[in-house]
2 protein chains.
Amino acid sequence: MDVKTLCLGLLSRGDYSGYEIRKQFEEGAFSHFQDAGFGSIYPALKRLTEEGLATCSAQAQESRPDKKVYRITPRGREALFEAVNEPPAPDKLRSDFMFVLYFADLVPPRQLDRLIAGRIAHHEEVIARLEAIDLSRRTSEEAFVIRYGIALHRAARDYFETHRHELVGDSIRSGATA
Amino acid sequence: MDVKTLCLGLLSRGDYSGYEIRKQFEEGAFSHFQDAGFGSIYPALKRLTEEGLATCSAQAQESRPDKKVYRITPRGREALFEAVNEPPAPDKLRSDFMFVLYFADLVPPRQLDRLIAGRIAHHEEVIARLEAIDLSRRTSEEAFVIRYGIALHRAARDYFETHRHELVGDSIRSGATA
DNA sequence: AGGTACATGTAAGCTGTTACATGATTTT
DNA sequence: AAAATCATGTAACAGCTTACATGTACCT
């Protein structure tokens with residue numbers, strides 16, 4: 001799924017500027033399974049407009065660049081319909097963190113401990129962010145996906161809390177603290 | 001983490017050919033958090049050799065191309081050490097499947113039901129594959145990562161089994177089957 | 001005085017994917 | 001007879017990331 005389709009999806013639920021779209025990728029309901037930065041969002045919105053899948057209206061603002069608000073067109077909705085009815089490509093996960101853990105014997109115990117603490121904190125953050133979303137204002141599909149995110153991040157957090165001692169516990173207790 | 005470093009990691013646990021490395025990405029302990037195809041593995045191994053991080057010995061085989069077996073060098077081990085002691089980049093997950101679910105109202109209920117059934121089956125497959133790994137032959141770090149994979153895929157499977165009715169249950173029961 | 005949030009965009013570069021090229025052996 | 005497995009590699013392409021370019025307003 002390219003960034004173009006991702007943007008189209010967001011626009012199907014409301015009118016947004018590129019800046020707002022990026023914020024949704026960063027903080028919104030999508031944030032736990034998709035990502036995109038300015039460098040891919042702006043060109044994507046441009047192409048969406050060129051292809052007639054969205055329209056753009058520039059809103060003049062004082063002492064700021066024009067805010068360009070995009071709106072999905074009927075043809076854009078068709079394109080989104082077709083995209084979600086295609087068999088989805090397999091998930092792609094790339095976790096440098098897990099790679100590091102796989103070779104955790106090469107990492108000093110202290111650093112490893114900090115790393116895992118940071119990971120747990122990160123999961124807590126994501127959980128808090130997703131829990132803060134008011135589900136009563138969302139479609140049941142959206143709520144399903146958001147709750148999935150919460151469930152998965154909780155599972156990850158719980159795993160680390162329960163098993164972290166298997167990685168760092170012993171090394172910390174023996175001489176490493178000297 | 002680029003494919004070069006990923007290959008270096010695998011080579012730190014044994015000598016392998018490009019073909020075998022790909023199999024490990026596909027089926028091995030890594031498979032649930034990293035991925036790479038031939039098109040990136042072969043060039044990566046070539047560069048590893050050029051940079052003196054691995055050596056390559058071609059083993060002649062009858063009626064097959066030479067099998068090129070790579071072995072990590074001491075400098076390769078140093079490079080791996082440095083890589084895993086760098087702060088890891090944040091995880092990157094791209095899930096077209098979750099995107100589709102987010103807009104599941106656009107998908108016919110039957111198709112949605114099949115999609116979710118397939119997803120559950122996929123999680124079962126990954127769980128079975130990871131459970132088949134003999135942990136007694138692995139380092140505790142590797143076992144930790146493998147068990148993490150099992151835990152996460154179980155959580156995902158359980159979520160779908162418990163909540164799938166929220167997405168498709170009602171639509172299936174009402175007129176859609178006509 | 002400095003950092004963050006608002007606001008958009010381009011260009012170069014890096015990386016990875018897909019398709020192509022080749023060919024024998026083993027399994028179904 | 002077809003499909004999968006073994007086995008390596010290149011070239012073109014697509015896509016995303018990073019850095020650059022610009023500037024105001026508000027908060028600390």
Side-chain angles (χ1 to χ4, degrees), chain A residues 1-8 11 15-28 30 33-51 54 56-70 83 88-96 99, chain B residues 1-8 11 15-28 30 33-51 54 56-70 83 88-96 99:
Chain A
M1 215 66 91
D2 52 26
V3 178
K4 236 176 62 186
T5 312
L6 263 25
C7 291
L8 208 51
L11 291 177
D15 299 347
Y16 297 110
S17 68
Y19 192 86
E20 289 164 342
I21 284 177
R22 196 215 139 204
K23 259 180 68 176
Q24 294 206 40
F25 275 113
E26 218 186 23
E27 303 164 13
F30 262 47
F33 62 92
Q34 296 288 351
D35 195 26
F38 287 130
S40 42
I41 290 169
Y42 286 125
L45 290 171
K46 199 183 173 187
R47 285 195 53 202
L48 243 28
T49 311
E50 284 163 5
E51 293 170 20
C56 171
S57 66
Q59 291 176 1
Q61 293 186 123
E62 276 164 38
S63 66
R64 263 189 207 164
D66 289 1
K67 189 173 175 177
K68 289 178 157 187
V69 175
Y70 293 86
D91 286 11
K92 264 171 208 173
L93 169 62
R94 169 146 294 185
S95 176
D96 284 10
F99 180 83
Chain B
M1 213 67 91
D2 53 26
V3 178
K4 237 176 60 187
T5 312
L6 263 26
C7 290
L8 209 52
L11 291 177
D15 299 346
Y16 298 111
S17 68
Y19 192 85
E20 289 164 344
I21 284 177
R22 195 214 139 207
K23 259 181 67 178
Q24 294 206 40
F25 275 114
E26 217 185 23
E27 305 164 12
F30 263 47
F33 63 92
Q34 295 289 351
D35 195 26
F38 286 131
S40 42
I41 290 169
Y42 285 125
L45 290 170
K46 199 183 174 186
R47 285 194 54 201
L48 243 27
T49 311
E50 284 164 5
E51 292 169 22
C56 170
S57 67
Q59 291 177 0
Q61 293 188 122
E62 277 165 38
S63 64
R64 262 188 207 163
D66 289 2
K67 189 174 176 177
K68 289 179 156 186
V69 175
Y70 293 86
D91 286 11
K92 265 172 207 172
L93 169 61
R94 168 147 292 184
S95 177
D96 284 11
F99 180 82

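Residue numbers start from 1 in every chain, and the chains themselves are labelled A, B, ... in the order their sequence lines are given, proteins ahead of strands. For the numbers below, each heavy atom of this structure counts, side chains included, while hydrogens, waters and symmetry mates do not.
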Compare side-chain N and O positions of B/S40 against OP1 and OP2 of C/dT17 and report whether any pair is under 4.0 Å apart.
yes
Base, sugar-phosphate or nothing for A/Y16? Non-hydrogen atoms, less than 4.0 Å.
nothing
Residues in salt bridge (charged side-chain N to carboxylate O under 4.0 Å, His left out) with A/D15, at least two apart?
A/R71
Take the protein atom CE of B/M1 and the nucleotide atom C1' of C/dG16, then report the distance between them rounded to whole Å.
17 Å
Please compare B/S17 and A/D2 by the position of their nearest nucleotide in DNA chain D and report the one closer to 5'.
B/S17
Using whole Å, report how far CG of B/L48 lies from P of D/dG9.
13 Å
Residue B/F38, side-chain atoms from C-beta onward, closest of C/dA7, D/dT8, D/dC16:
D/dT8
What distance separates A/C7 SG from A/F25 CZ, expressed to the nearest 0.5 Å?
5.0 Å
B/L45 has an atom CG; how far is it from atom P of D/dA7, in whole Å?
15 Å
Could you list the residues that satisfy salt bridge (charged side-chain N to carboxylate O under 4.0 Å, His left out) with B/R94, not counting sequence neighbours?
none
Atom-pair distance (CG on A/D96; C1' on D/dT17), nearest Å
15 Å
Roughly, in whole Å, what's the span from CD in A/Q34 to P in D/dG15?
15 Å
Whole-Å gap separating C1' (D/dC6) and CD (B/E26)
13 Å
Would one find a side-chain N or O of B/R94 under 4.0 angstrom from OP1 or OP2 of D/dC16?
yes
Of all the heavy-atom pairs spanning B/K4 and B/A44, show the shortest one and how long it is.
CG-O, 3.8 Å
To the nearest Å, give me how far apart CD (A/E20) and P (C/dT8) are.
8 Å
Which nucleotide in C/dG16, C/dG9, D/dA7 has an atom nearest any side-chain atom of A/K68
C/dG9
Side chain of B/Y19, heavy atoms from C-beta onward: which of C/dT8, D/dC16, D/dA7 has the nearest atom to it?
D/dA7
Select one nucleotide: of D/dT8, C/dT17, C/dT8, the one nearest the side-chain heavy atoms of B/K67.
D/dT8
May I ask you to verify if any side-chain N or O of A/K46 is less than 4.0 angstrom from the OP1 or OP2 atom of C/dT10?
yes
Could you tell me whether A/F25 contacts a base, only the sugar-phosphate backbone, or nothing, with contacts defined as non-hydrogen atoms closer than 4.0 Å?
nothing
Any B/K23 side-chain N or O less than 4.0 Å from OP1/OP2 of D/dC6:
yes
Expressed in angstrom and rounded to an integer, what is the separation of B/Y42 atom OH from C/dA19 atom P?
18 Å
Name of the residue among A/L6, A/V3, A/L45 meeting side chain to side chain contact (heavy atoms under 4.5 Å, CB included) with A/I21
A/L45
